[in-house]
Participant: 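I'd like to ask some things about the structure below.
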Amino acid sequence: MNKKIIKKTTAGILLFTMFIYTTPILAYTKNETVYSKINTNGEGYKTIVTDHISGTEEIIEDLSDLANIKNVSGKETFTKEGNKIIWKANGEDIHYQGESNKELPVNCNIKYELDGKEISAKEINGKSGKVKIIIQYTNKDEHYIEIEGKETKLYTPFLVGVGTIFNNDKNKNVEVKNGKVINDGSKTTVIGLVTPGLQESLNIDRDVIDIPDSMEITLDTTEFKLGTMISYITPKVFENEDIKIFEELDEIYSQVDTLKNASQEIENGAVTLSDGVDLYTEKSQEFNNAMNQVKDGVTSASNNYNQIDNGINTINENIGTLNIGAKNLKEGAKAITIGIETVDNNLGKIEIGSKALQQGEHDISAGVDQIIAGIDGIQITNNTEKIKELNQLVTVNKQKIQSINTTKDKLMLIINDANTDETIKETLKEQIRLNAEAEAILYKNNEAILQTIKTLENTDMTKMIELKKGVTAIKTGITELQNGTHELSLGISQLKQGTSTICNKMGEFVTGTESIYNGTKKLSEGTKTLKTGSNQMKTGLKTIDSATVQLLNADNKLVEGANTLKQGTKTLKDGIIEFNKNGIEPICNFVNNNIKDVTNRLEKLEQLSNQYNNFTMKDEKVKGNVEFIMIVEEKEENN
């Protein structure tokens, strides 16, 4: 057998067996294989299409835009009217062949470098040195499809397998990027696997995962010559069960939304808490101002009453000056009345402020409860189940890797066939070992899912538990503050009752001073009674003065505590907002945007893959399947 034919046949069988696990076995009505010859720089110069029509009809109507159509497997005849072909099938399958000048959906471009410098395909032939071959594939079958309300450019997914063989007599140190190298001592087989356009279709950054669309071969040669290179291209990259796996992510999306909502509740609660503390601080300051006015009023009343007391003593000591003393007494009584009324009015303001303080404390307590509820919402949303489900997806992918090994049986059937050439048998044995190595190619498919698992595992629920303990402590402090404010309110009520009693007595006191002023004859007996009452009044004023000092000191501490609480709640609010912004939101956005976007794109790519089932022409009601084989070899003169 001609060595050139053996080499082509070997490479062809090698590629076919390598990709046999990727092509689903379906009963199509019209299967199409497109053979394209391209020269050593990647330019195509001849395309031949083989169509297989299966059916049991006597007459089959077909569509085709091929030229020079001929039956290649039987004697069935046909008539052609434009693009319509009518076959007299007589219940037999039809195998026919024709030529096409249409552009392939995947283009190939081949560049060469010799010792680091670019060189043409013609010039490098026969040269020696360090050679690099760059094979770049470009997906030309683009579509604009609406995804989530946005027009998105996608490419029909194509899987491209590439294979070629180098003779070890003149070539050594063969290496490949995005492929595998197998050296059996006499020859080196190079096989690559690329998916042009898939990186752009999935919109994944190459820093996250690099989906290859080219391969590079480097070697040392004493006389370079590119042998036959075969590329096998199929649009059947995805299967239905591959895409259905991502439907399970819907539950994860729902749980992520729950996490995001709970985090937002915490943030809202922190804002409510901060607002309530601001109001509480404001009212505390108003209360403090009123207390200072009460203190000033009590001091003024005490000082003024000293004048009264002095006047009473003067009356007792000098009855002759009674009229003057009585007049002073009357005027002093009026001044005391005004001071006591001022105290009573300010105590009313203090009582209103105390109620406002209690309301503010109630609002603060409600905000803290809202924060605790939000934290509990996050604790309920545990990442363990999400991580478990994503690990299940990784397991499914690993099962696919296992399916590669099933191709061994198919290869062994060819090896055990007595008609198989010994050279082909050796090559297929190498392929069995290659299939074992090729499992590593599928591992990259798990990287995006593993990245998600890593992101979810970084969520630190311990910090949320500590945060809940801190907020609970604040809740306890607020409860104590409410108890203190309640006691303060009771004290103010008692003080208000005392000032009201004094106000009532002051009316009697003023009447008495006027009686003294008008009736100096009875002054002696009256002043004795007045002196006794004056001593009691003086003692009461001292008690009120001492109580207001204690009350003001306590209120100053409340104001100081309120300011501290205000600063603490502001820090808490800012911390929760920062945690939500830089912790929770990035996680939720990554799951809902990155992974969800890839899932939506994969579903659309599966549809494009299923829709691409013919290269030439086919009635849309007829099922079909298509695959492409590119053969790179030097263009012969008779071609």
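If you're wondering where the values come from, they're calculated on a predicted model, not measured in any experiment.
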Participant: I134 versus I110: any side-chain heavy-atom pair under 4.5 Å?
Facilitator: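 The answer is no, as the side chains (C-beta and beyond) never meet within the 4.5 Å cut-off.
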Participant: Using the rule given for side chain to side chain contact (heavy atoms under 4.5 Å, CB included), can you reason through K187 versus N167, listing the C-alpha separation, both sets of side-chain angles and the distance that settles it, and then say yes or no?
Facilitator: CA-CA 5 Å; K187 63 183 181 298; N167 192 311; 5.8 Å; no
Participant: Please give me the minimum heavy-atom distance between I204 and Q199, naming the atom from each residue.
Facilitator: O-NE2, 2.7 Å
Participant: Tell me which one of I135, V162, T138 satisfies side-chain contact (heavy atoms from CB on, under 4.5 Å) with C108.
Facilitator: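 Single side-chain contact (heavy atoms from CB on, under 4.5 Å) partner of C108 among I135, V162, T138: I135.
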Participant: Closest approach of E223 and K170, non-hydrogen atoms and distance?
Facilitator: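 Looks like OE1-NZ, 2.8 Å.
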Participant: Checking K236 against L159 for the side chain to side chain contact (heavy atoms under 4.5 Å, CB included) test, could you report, in this order, the C-alpha distance in whole Å, the side-chain angles of both residues, the deciding distance, and whether it holds?
Facilitator: CA-CA 7 Å; K236 303 304 178 186; L159 182 68; over 6 Å; no
Participant: So does D213 pair up with R206, basic N to acidic O under 4.0 Å?
Facilitator: yes
Participant: Got a second to check how far Y144's OH is from K153's NZ, nearest 0.5 Å?
Facilitator: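 It is 4.5 Å, given to the nearest 0.5 Å.
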Participant: How close do P196 and N139 get, counting heavy atoms only, and between which atoms?
Facilitator: O-ND2, 3.1 Å
Participant: So, do I217 and E175 sit near enough that their side-chain heavy atoms are less than 4.5 Å apart?
Facilitator: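 Sidechains of E175 and I217: no contact.
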Participant: Ignoring hydrogens, what is the shortest heavy-atom contact between V632 and L226? Give both atom names and the distance.
Facilitator: CG1-CD2, 4.2 Å
Participant: Working to the nearest 0.5 Å, report the span between CZ of R601 and CD1 of I145.
Facilitator: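 Taking CZ in R601 and CD1 in I145, the distance rounds to 10.5 Å.
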Participant: Less than 4.5 Å apart, side chain to side chain, heavy atoms only: is that true for L219 and K172?
Facilitator: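 The answer is no, as the side chains (C-beta and beyond) never meet within the 4.5 Å cut-off.
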Participant: Assess the pair Y612 and F158: is the distance between their ring centroids shorter than 6.0 Å?
Facilitator: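 So the answer is yes for these two rings.
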Participant: Would you confirm whether K604, through its side chain, and L608, through its main-chain N or O, come within 3.5 Å as a donor-acceptor pair?
Facilitator: no
Participant: Can you tell me how far the CG atom of L413 sits from the CD1 atom of I415, to the nearest 0.5 Å?
Facilitator: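 These two atoms lie 9.5 Å from each other.
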Participant: Judged by atom type as modelled, is there a donor-acceptor pair below 3.5 Å linking the side chain of S609 to the main-chain atoms of L605?
Facilitator: no
Participant: Atom CG of D169 and atom OG of S186: how far apart are they, to the nearest 0.5 Å?
Facilitator: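 So the gap between those two atoms works out to 8.5 Å.
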Participant: Verify whether one side chain among E123 and S120 offers a donor that lies under 3.5 Å from an acceptor in the other.
Facilitator: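 Short answer, yes.
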Participant: Taking atom NZ of K127 as the centre, does the number of heavy atoms from other residues, nucleotides or ligands within less than 6.0 Å exceed 12?
Facilitator: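 Yes.
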Participant: Find out whether K177 and M215 are in side-chain contact, i.e. whether some heavy atom of one side chain is under 4.5 Å from a heavy atom of the other.
Facilitator: no
Participant: Just checking, any donor-acceptor pair under 3.5 angstrom between side chains of N183 and N168?
Facilitator: yes
Participant: The test is side chain to side chain contact (heavy atoms under 4.5 Å, CB included); show your working for I124 and V131 and say whether it passes.
Facilitator: CA-CA 9 Å; I124 198 173; V131 174; 3.8 Å; yes
Participant: Measure the shortest side-chain to side-chain distance between T218 and V176 over non-hydrogen atoms and say whether it is less than 4.5 angstrom.
Facilitator: no
Participant: If you round to the nearest 0.5 Å, how far is OG1 of T195 from CG of L202?
Facilitator: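 If we round to the nearest 0.5 Å, L202:CG and T195:OG1 are 8.5 Å apart.
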Participant: Ignoring hydrogens and angles, write down the donor-acceptor pairs under 3.5 Å from the side chains of residues 73-90, residues two or more places apart or on other chains.
Facilitator:
unit_1 : atom_1 : unit_2 : atom_2 : d
E76    : OE1    : N71    : ND2    : 3.0
K80    : NZ     : G82    : O      : 2.4

Participant: Any side-chain heavy atom of K30 sitting closer than 4.5 Å to one from N614?
Facilitator: yes
Participant: Is the backbone of D184 close enough, under 3.5 Å, to the side chain of T188 for a donor and an acceptor to pair up by distance?
Facilitator: no
Participant: Verify whether one side chain among E627 and Y232 offers a donor that lies under 3.5 Å from an acceptor in the other.
Facilitator: yes
Participant: Nearest 0.5 Å, what's the CD1-CD1 distance between I211 and I209?
Facilitator: 5.5 Å
Participant: Can any side-chain N or O of T221 pair as donor or acceptor with the backbone N or O of N171 at less than 3.5 Å?
Facilitator: no
Participant: State plainly whether the residues K130 and D220 are in salt-bridge range, i.e. N to O under 4.0 Å.
Facilitator: yes
Participant: Go through the steps for F628 and Y35 under the test side chain to side chain contact (heavy atoms under 4.5 Å, CB included), then give the verdict.
Facilitator: CA-CA 6 Å; F628 299 85; Y35 300 89; over 6 Å; no
Participant: Counting distance only, does the side-chain N/O of K111 pair as donor-acceptor with the main-chain N or O of I119 below 3.5 Å?
Facilitator: no
Participant: Which heavy atom of V626 sits nearest a heavy atom of P235, and at what distance?
Facilitator: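 What the structure gives for the nearest pair is O-CD, 3.4 Å.
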Participant: Table please: side-chain donor-acceptor pairs of residues 92-106 below 3.5 Å, with sequence neighbours left out.
Facilitator:
unit_1 : atom_1 : unit_2 : atom_2 : d
D93    : OD1    : G55    : N      : 3.4
D93    : OD2    : H52    : NE2    : 3.0
Y96    : OH     : D51    : OD2    : 3.4
Y96    : OH     : D62    : OD2    : 2.6
Q97    : NE2    : T50    : OG1    : 3.4
E99    : OE1    : N68    : ND2    : 3.3
S100   : OG     : K102   : N      : 3.2
K102   : NZ     : F615   : O      : 2.6
K102   : NZ     : T616   : O      : 3.4
E103   : OE2    : N107   : ND2    : 3.1

Participant: Compare every heavy atom of G624 with every heavy atom of N613, then report the nearest pair and how far apart it is.
Facilitator: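 Residues N613 and G624, closest heavy atoms: CB-O, 3.2 Å.
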Participant: Is the backbone of S214 close enough, under 3.5 Å, to the side chain of N178 for a donor and an acceptor to pair up by distance?
Facilitator: yes
